[in-house]
Amino acid sequence: MKRARAEAVIEAVLFTMGESVEVSRLAEVVEEDVDTTREILKGMEKRYGREDRGIMLTWLENSVQLCTKPDMYEHLVKIARAPRKMALTDAVLETLSIIAYKQPVTRIEIERVRGVSCDHAINKLLEYELVMELGRLDAPGRPLLFGTTEQFLRCFGVKSLEELPELNPVQMEEFKQQAEAEVQLQLDT
């Protein structure tokens, strides 16, 4: 397949899917090897950046997605309903950070770190599609395992979990103290 045709096919697939697609799957569609397909995608990414276009490619680990450029948002809200904003409370953010750093992780493990029930926080994170159920732990009761999603990567502007900042012991102790203070506050009321 000629390069221009391969780019057109990739663009059509990414536009239609509306979500990330693995490079290996795109390679199958354009009948090229993964390295050649990655080169085609890099060329498309550079061209979208050079030209005054409203779209760009976003890389998420071994996948790529066609997205709107951030500076186009103000124009989109004029025609589309404003997207629902996520309300991430401190408790929800703490729960999300535990899941991000310890995944796959069970609800019990999260609650052990936080020191409080995390049902509400996990349900919010599932609703916002920032975390997902990864399966069940092979242990008594077969508890659910949770991990982050591609939506998490997009929302926090990282391409992979390796890009997350390292947590130091002081931050972990602060999490624990905040959770203990939250428990004490609940007990006092």
Side-chain angles (χ1 to χ4, degrees), residues 1-101 103 120-134 146-167 171:
M1 187 177 294
K2 291 189 177 189
R3 187 175 186 107
R5 179 70 178 158
E7 285 184 12
V9 169
I10 289 171
E11 193 173 60
V13 168
L14 293 175
F15 175 79
T16 303
M17 294 303 293
E19 58 188 33
S20 67
V21 178
E22 292 177 4
V23 175
S24 59
R25 290 189 64 207
L26 291 170
E28 291 172 18
V29 171
V30 296
E31 301 171 349
E32 293 286 354
D33 61 72
V34 172
D35 290 335
T36 302
T37 304
R38 195 175 298 278
E39 286 176 31
I40 293 169
L41 287 163
K42 293 283 186 188
M44 291 169 66
E45 181 179 30
K46 285 179 186 172
R47 195 172 68 255
Y48 291 153
R50 269 192 323 265
E51 298 171 2
D52 191 16
R53 306 277 301 262
I55 56 175
M56 62 184 234
L57 289 179
T58 298
W59 293 84
L60 303 162
E61 293 184 343
N62 292 319
S63 298
V64 66
Q65 181 173 356
L66 191 62
C67 298
T68 306
K69 285 184 178 175
D71 62 337
M72 295 292 133
Y73 180 77
E74 66 182 275
H75 305 288
L76 293 173
V77 295
K78 291 177 182 176
I79 195 145
R81 192 176 110 232
R84 183 177 71 166
K85 296 260 186 203
M86 286 187 233
L88 298 179
T89 63
D90 287 345
V92 172
L93 278 172
E94 288 170 12
T95 302
L96 179 58
S97 65
I98 292 165
I99 294 170
Y101 283 99
Q103 65 186 306
H120 174 74
I122 289 175
N123 288 337
K124 275 292 178 200
L125 293 169
L126 287 166
E127 178 185 330
Y128 293 142
E129 298 179 356
L130 295 173
V131 300
M132 65 182 174
E133 296 174 3
L134 297 177
F146 296 97
T148 56
T149 62
E150 284 185 356
Q151 178 68 9
F152 165 80
L153 297 175
R154 278 190 288 276
C155 286
F156 289 89
V158 293
K159 294 178 181 168
S160 70
L161 295 174
E162 287 77 36
E163 289 186 13
L164 291 175
E166 286 188 36
L167 273 184
Q171 288 171 312

Are any non-hydrogen side-chain atoms of Y128 and L88 less than 4.5 angstrom apart?
-> yes

Rounded to the nearest 0.5 Å, the NZ atom of K124 sits from the OG1 atom of T89 at a distance of 9.0 Å

Donor-acceptor pairs are to be reported for all side-chain atoms of residues 146-156 against protein atoms at under 3.5 Å, with residues two or more places apart or in another chain.
| unit_1 | atom_1 | unit_2 | atom_2 | d |
| --- | --- | --- | --- | --- |
| T148 | OG1 | Q103 | OE1 | 3.3 |
| T148 | OG1 | Q103 | NE2 | 2.9 |
| T149 | OG1 | E129 | O | 2.5 |
| T149 | OG1 | L130 | O | 3.3 |
| T149 | OG1 | Q151 | N | 3.2 |
| T149 | OG1 | F152 | N | 3.2 |
| E150 | OE1 | S20 | OG | 2.1 |
| E150 | OE2 | S20 | OG | 2.8 |
| Q151 | OE1 | R154 | NE | 3.4 |
| Q151 | OE1 | R154 | NH2 | 3.4 |
| R154 | NH1 | Q65 | OE1 | 2.6 |

Minimum heavy-atom separation for V29 to V13, with atom names?
-> CG1-CG2, 4.3 Å

With sequence neighbours excluded, residues passing side chain to side chain donor-acceptor pair (under 3.5 Å) with E162 = S160

Please test L66 against L57 for side-chain contact (heavy atoms from CB on, under 4.5 Å), starting from the C-alpha separation and ending with a verdict.
-> CA-CA 5 Å; L66 191 62; L57 289 179; 3.9 Å; yes

Decide, yes or no, whether a salt bridge links K42 with E39 under the criterion of side-chain N to carboxylate O below 4.0 Å.
-> no

Could you name each residue pair satisfying salt bridge (Lys or Arg N to Asp or Glu O under 4.0 Å) that touches residues 4-22, not counting sequence neighbours?
-> R3-E7, E7-R47, E11-R53

Determine whether more than 12 heavy atoms belonging to other residues, nucleotides or ligands lie under 6.0 Å from atom CG of N123.
-> yes

Are there more than 12 heavy atoms of other residues, nucleotides or ligands under 6.0 Å from atom NZ of K46?
-> no

What are the two closest non-hydrogen atoms of V131 and I122, and how far apart are they?
-> CG2-O, 4.4 Å

Determine whether I10 and V21 make a side-chain contact, defined as any pair of heavy atoms from C-beta on separated by less than 4.5 Å.
-> no

Provide the full list of salt bridge (Lys or Arg N to Asp or Glu O under 4.0 Å) pairs with a residue in residues 26-35, sequence neighbours left out, each pair given once.
-> none

Output all residues satisfying side chain to side chain contact (heavy atoms under 4.5 Å, CB included) with H75, sequence neighbours left out; order by chain, then residue number.
-> M72, K78

Nearest heavy-atom contact between V158 and L60 is O-CD2, 4.1 Å

To the nearest 0.5 angstrom, please state how far the CD1 atom of I98 sits from the CG atom of L93.
-> 11.0 Å

For V34, which residues count as a side chain to side chain contact (heavy atoms under 4.5 Å, CB included) partner, sequence neighbours excluded?
-> V23, S24, A27, R38

Tell me, do I40 and M44 make a side-chain contact under 4.5 Å, heavy atoms counted?
-> yes

